[in-house]
Structures are given as C-alpha cells and as structure tokens.
Amino acid sequence: MNNTFSSDEINVLKQHGIVLFAERVIFDTRPPMETADIAAVQAQLAGPLPPPLLELWAQTAGGRLHYDLRLTMDGQEEAISWIELFFNGSDGYRDLQGWIEHERELAMEQAELDEKEWDGKLSYLPFGGFEYCDRIYVTVKAGAQYGHILAWKQGLPPAWTHALHNDGIATVAPDLAAAFAALRLHQDPLAPTGDYFAGQSLLDYIDERVEQHALASALADKLIDFYRTAIVDWRTPLAQGRLALQPSLASIALSHAIGSDDAALIAQLAAADIALDQPVQGSALATETAMGDQAFSALHALIGAGAPVAPTILNNIDSAVPADLIQTLLAHGAIPTASAIAQCIACGATDSAQVIALAYAQQHDDLATAYDAAKRSLLAELEPSLSKVRQGKLGHYLGEQGLAARIDHLQKNIPGLSL
C-alpha cells in the first residue's frame, strides 16, 4: 500500500474521511482515538489491548467498511455484516462504550446465574459489526486465543427459512490484519449482478467527495482501483482446473453464477467438479438459492447438472415460477403443497398452480379443503400488511401495488383451475 499511494495522497484521503489500513479502505472515518479514551477502554478489559487494534485506533477511532465476509456457523454459510467500526460518541448502534456496557451487563448476568463473582473485566471487546445483529470482537484475555478476531451473529425467528435460528459465533482470523484480509469483494462493484452489493456505499461516498468536496477525480479513481484489488479471483483457478480444490472460492463462483442467472457458467462449474450439494446461503442449497433469487435459467442448469432438489423447495415461492420448471422440480423430489398452490396463484402463475395441484391430488384427497385453508392463511398475512402500508405504518418489499395484486389474484375465481 505504501508503494501505491504517496504520503501526500494518504493525507488528502484522510482529509476526506478515508483511511487505508491493512490493505483495506475505511471511509466516513473519525479522528484517532484519544489516549484517555484508550485508557478508559483498557481499564475494563481482562488483558492488554492487542497492538494491531491500537494501530488502527491511532489512525481512526471508527468508520465504515463495505466488503463481503462469509463464515461457516453451525454448518451454514453465513454472510457477516462487518460494515461498522465502533466509536465513542455515536448516537446509534456504533457506540463503542455502549457496546462495552452491554457486554458488561451480560457478563454480570451470567456470573449471577453461575453463582460466581465477576471481576468486572471483559475477555472479549466488541469493536465493530452492524447494528444489533452482527458483532466483531477481539480476544483480550491472555492465552492461545489472545488477539483472535471473532464474529457473532444473532439468530433469526424460524419464519426466516434457511437463516441461522440460534446465535452463532465463529473465528474470523488469528489477528486483526488477517481479519481485514478476510474482507473481500465477491463481485466487481463496478459490474454488480444485483441491486445490492458490497462497495455500493463506498462508491456513493467517493462520488459525494468528488462532486461536493473537491476530491480529485484521478485520486478517486486510484482509490477505487485499490479497493477492487480485494475482488476474489475464482476465474483463474477455474480456467486452470483447480477450482474444485478450493471450496470457498468454488462457493463464491457458484453464488455468482446463480446471482447472474448464468446457465452456461453453471454448466462450466459442474464440469469442473465443484460441489453442488453444499449450503450456499445460510442452509440453502444451490437449487434453493436459485429458486429464491428467481434465477430460473441457473436453476434448470443446476438440476441438469445433478444438484440436489430439497423436498421443501416449493415452500417459499415468491414469484411467478414457470410451469415447466415446477414440473421439473416435482420430478426431482419437490413435495407439492397447498401453500405452494396458493403462492403461485397469488403471484399470477396459474399454470404453475395447476401443475402443483395435479401433483397434490395424486397424493391427497383433500385438495379443495387444503387449498382453501392455505388461501385464507395467505390472505390473513397479506391483507393486514396492505392496510398498514396504506396507512404509512409499514414498509413492504412488494409495495402497495404488489400486495394488492396478490390479494386480487387470490380472491378471483380462476376458470379451468382444478381446485
């Protein structure tokens, strides 16, 4: 990095709230942490602050990051949101001392449950994460794990299919520099496959600094080029026939193929013998991920390549899935359900609903009753949501028109539909 930017350029970037640390870009930064503030943190810890964290705080007391980070938690592939570095004085979720107080309360409660005395010192310091759901800690207690960087993720309710349902924890890296190295870009932020991607916030920040605060365009472009050096290169090992030997890269490549709905790339990855039967997002297999992303070309290719189809893949239909794809999924073990029929009808996919209904009727003799119950259950979810959206009390991914359309589809009598 020192060979990439001159000292003058580094100083200019700092003036624009941008700090380069451990080969990564921190933006919207704070001034270095005051000695007294560091001492106040140290006084609450069971061991000395690791030198790499002190080096970070010597450059900035806090800021924002925007990279991808994926860790295995409880056998699932979990995306970890490490996009904040906590600092004192934040009026939101980035408040360093606020998170320290939170950890102290938890430690005191645990000591009481264990009927033990607590010395008031924390063994793990929270210093980053995202809001209340993801946190990054550094181990400060003496021992083999000293200086290790850990990630904690909050479990979500069971309704969040494929998500982590219990709180999870995993080691990011043995030290802060290695943890920053684990922050990568799974796709090029200048050529994203979707509307939301790592780098979006940083690119917006840089644009603002150029347009409103006179950051030189040449230096901004140089910074973006440096930022993009974190892009994961899975294409080279794929071309060299080595991708199957690097499962983490293979998983990123597979995610990219699904996200871009690239059937040809799916076929190429399958020919390279990468695993198609492992979780890709949370506990979701590749076929389930493609179904959720509405990547129907990729899904067809995955099935053709032998990727397993979960029996429950039709449980979370949220778009107009083509009828031929539904038929293929059923032929590969998907279970037809009344709720899947209702979801298809709500999405306007009556042909797909008919395919599922016929399959359901071959296995059950209560099609009409089961569908009526599923329809009423879905309406009981959609109608209150629409009412709240219209009152301005709820934001919903479908919006007012989308919710109204699904309700209208469910309430219509559809000619020729055998239910």
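Side-chain atoms of Phe180 and Leu65, non-hydrogen and from C-beta on, do get closer than 4.5 Å to each other. Using a 4.5 Å cut-off on side-chain heavy atoms (C-beta onward), Leu190 and Ile224 make contact. For the pair Glu109 and Leu113, the minimum side-chain heavy-atom distance is 4.5 Å or more. Between Leu49 and Leu125, some side-chain heavy-atom pair lies under the 4.5 Å cut-off. Ile266 places none of its side-chain heavy atoms less than 4.5 Å from the side chain of Leu276. Counting heavy atoms from C-beta outward, Phe21 and Leu176 have side chains that approach closer than 4.5 Å. Contact of the Gln278 side chain with the Pro247 side chain is not registered, since no non-hydrogen atoms from C-beta on lie closer than 4.5 Å. When side chains are defined from C-beta on, Ile136 counts as touching Ile80, because their heavy atoms get closer than 4.5 Å.
Thr139 and Gln145 are not linked by any side-chain donor-acceptor pair at a separation below 3.5 angstrom, with hydrogens and angles left out of the test. For Thr72 and Glu77, the side-chain atoms include at least one donor-acceptor pair closer than 3.5 Å. In this model, no donor atom of one side chain and acceptor atom of the other lie less than 3.5 Å apart for Glu131 and Gln154. When only modelled atom types and interatomic distance are considered, Gln240 and Thr236 share no side-chain donor-acceptor pair under 3.5 Å.
The shortest non-hydrogen separation linking Ala290 to Leu299 is CB-CB, 3.9 Å. Between Ala342 and Leu410, the shortest heavy-atom distance links the atoms O-CD2, 3.5 Å. The shortest non-hydrogen separation linking Gln76 to Ser283 is OE1-CB, 3.5 Å. Scanning all heavy atoms of the two residues, the minimum distance from Pro157 to His165 falls at O-CD2, 3.5 Å. Between Leu243 and Ala250, the shortest heavy-atom distance links the atoms CD1-N, 3.7 Å. The heavy-atom pair separating Leu285 from Pro279 by the smallest distance is CD2-N, 4.1 Å.
Interatomic distance, OH of Tyr124 versus NZ of Lys141, reported as 7.0 Å (0.5 Å rounding). Note that CG of Asn316 and CE of Met291 are 8.5 Å apart. Values are rounded to the nearest 0.5 Å. The structure places CG of Leu403 at 5.0 Å from CG of Leu398, a figure rounded to the nearest 0.5 Å. Note that OH of Tyr93 and CZ of Phe86 are 11.5 Å apart. Values are rounded to the nearest 0.5 Å. In this structure, CZ in Arg135 is found 4.5 Å from NE2 in His102, a value given to the nearest 0.5 Å. Rounded to the nearest 0.5 angstrom, His256 NE2 and Leu265 CG are separated by 6.5 Å.
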- Item | side-chain contact (heavy atoms from CB on, under 4.5 Å) evaluation trace for Leu96 with Trp57 | CA-CA 12 Å; Leu96 176 63; Trp57 285 348; 4.2 Å; yes
- Item | Intermediate values then yes/no, side chain to side chain donor-acceptor pair (under 3.5 Å), Glu381 and Ser385 | CA-CA 7 Å; Glu381 294 178 14; Ser385 294; over 6 Å; no
- Are Trp118 and Gln110 close enough, and set up right, to give a side-chain contact (heavy atoms from CB on, under 4.5 Å), and what steps lead you there? CA-CA 9 Å; Trp118 180 53; Gln110 189 61 51; over 6 Å; no
- Would you sort out whether Leu150 and Val172 count as a side-chain contact (heavy atoms from CB on, under 4.5 Å), showing the intermediate values? CA-CA 5 Å; Leu150 309 177; Val172 180; 5.9 Å; no
- Given Phe5 and Phe226, is the ring pair (Phe, Tyr, Trp, His ring centres under 6.0 Å) satisfied, shown in steps? CA-CA 9 Å; Phe5 294 90; Phe226 173 77; 5.5 Å; yes
- Message: Does Tyr67 form a side-chain contact (heavy atoms from CB on, under 4.5 Å) with Trp82? I'd like the steps, not just the answer.
- Response: CA-CA 8 Å; Tyr67 293 89; Trp82 182 8; over 6 Å; no
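Within the 3.5 Å criterion, the main-chain N or O of Gly155 finds a donor-acceptor partner in the side chain of Asp167. A donor-acceptor contact shorter than 3.5 Å links the side chain of Arg24 to the backbone of Ala181. Of the possible polar contacts, none joining the Thr171 side chain to the Ala173 backbone as a donor-acceptor pair under 3.5 Å is found. Between the side chain of Asp351 and the backbone N or O of Ala323, no donor-acceptor pair lies under 3.5 Å. A side-chain donor-acceptor contact under 3.5 Å links Lys153 to the backbone of Ala79. The main-chain N or O of Gly47 is found under 3.5 Å from a side-chain atom of Gln42 such that the two form a donor-acceptor pair. When atom types are taken as modelled, the side chain of Gln187 and the backbone of Thr193 share a donor-acceptor pair closer than 3.5 angstrom. For Ser297 (side chain) and Ala263 (main-chain N/O), no donor-acceptor pair under 3.5 Å exists by modelled atom type. Side chain of Thr287 to backbone of Pro308: a donor-acceptor contact under 3.5 angstrom is found. Under the 3.5 Å distance criterion, the side-chain polar atoms of Lys393 are left unmatched by any main-chain donor or acceptor of Ser387.
Atom CD of Glu117 has 12 or fewer neighbouring heavy atoms from other residues, nucleotides or ligands inside a 6.0 Å radius. No more than 12 heavy atoms of other residues, nucleotides or ligands sit less than 6.0 Å from atom OH of Tyr132. Within 6.0 Å of atom CG in Asp119, more than 12 heavy atoms from other residues, nucleotides or ligands are found, so the atom counts as buried in its surroundings. Taking a 6.0 Å sphere around CD of Glu34, one finds it holds 12 or fewer heavy atoms contributed by other residues, nucleotides or ligands. A 6.0 Å sphere centred on CD of Gln401 holds no more than 12 heavy atoms belonging to other residues, nucleotides or ligands.
Taking the six-membered ring for Trp and thresholds of 30 and 60 degrees, Tyr205 and Phe27 have ring planes inclined between 30 and 60 degrees apart.
Cation-pi check for Arg30 over Phe87 is met; the charged atom lies under 6.0 angstrom from the ring centroid and within 45 degrees of its normal.
The residue from Leu223, Leu20, Leu219 that alone fulfils the side chain to side chain contact (heavy atoms under 4.5 Å, CB included) condition with Glu9 is Leu219. Gln44 pairs with exactly one of Glu103, Gln97, Lys121 by the side chain to side chain donor-acceptor pair (under 3.5 Å) rule, that one being Gln97.
Applying the salt bridge (charged side-chain N to carboxylate O under 4.0 Å, His left out) criterion to Glu208, with sequence neighbours excluded, gives no partner residue.
In summary, Asp233 and Arg184 do not engage in a salt bridge, as defined by a charged side-chain N under 4.0 Å from a carboxylate O.
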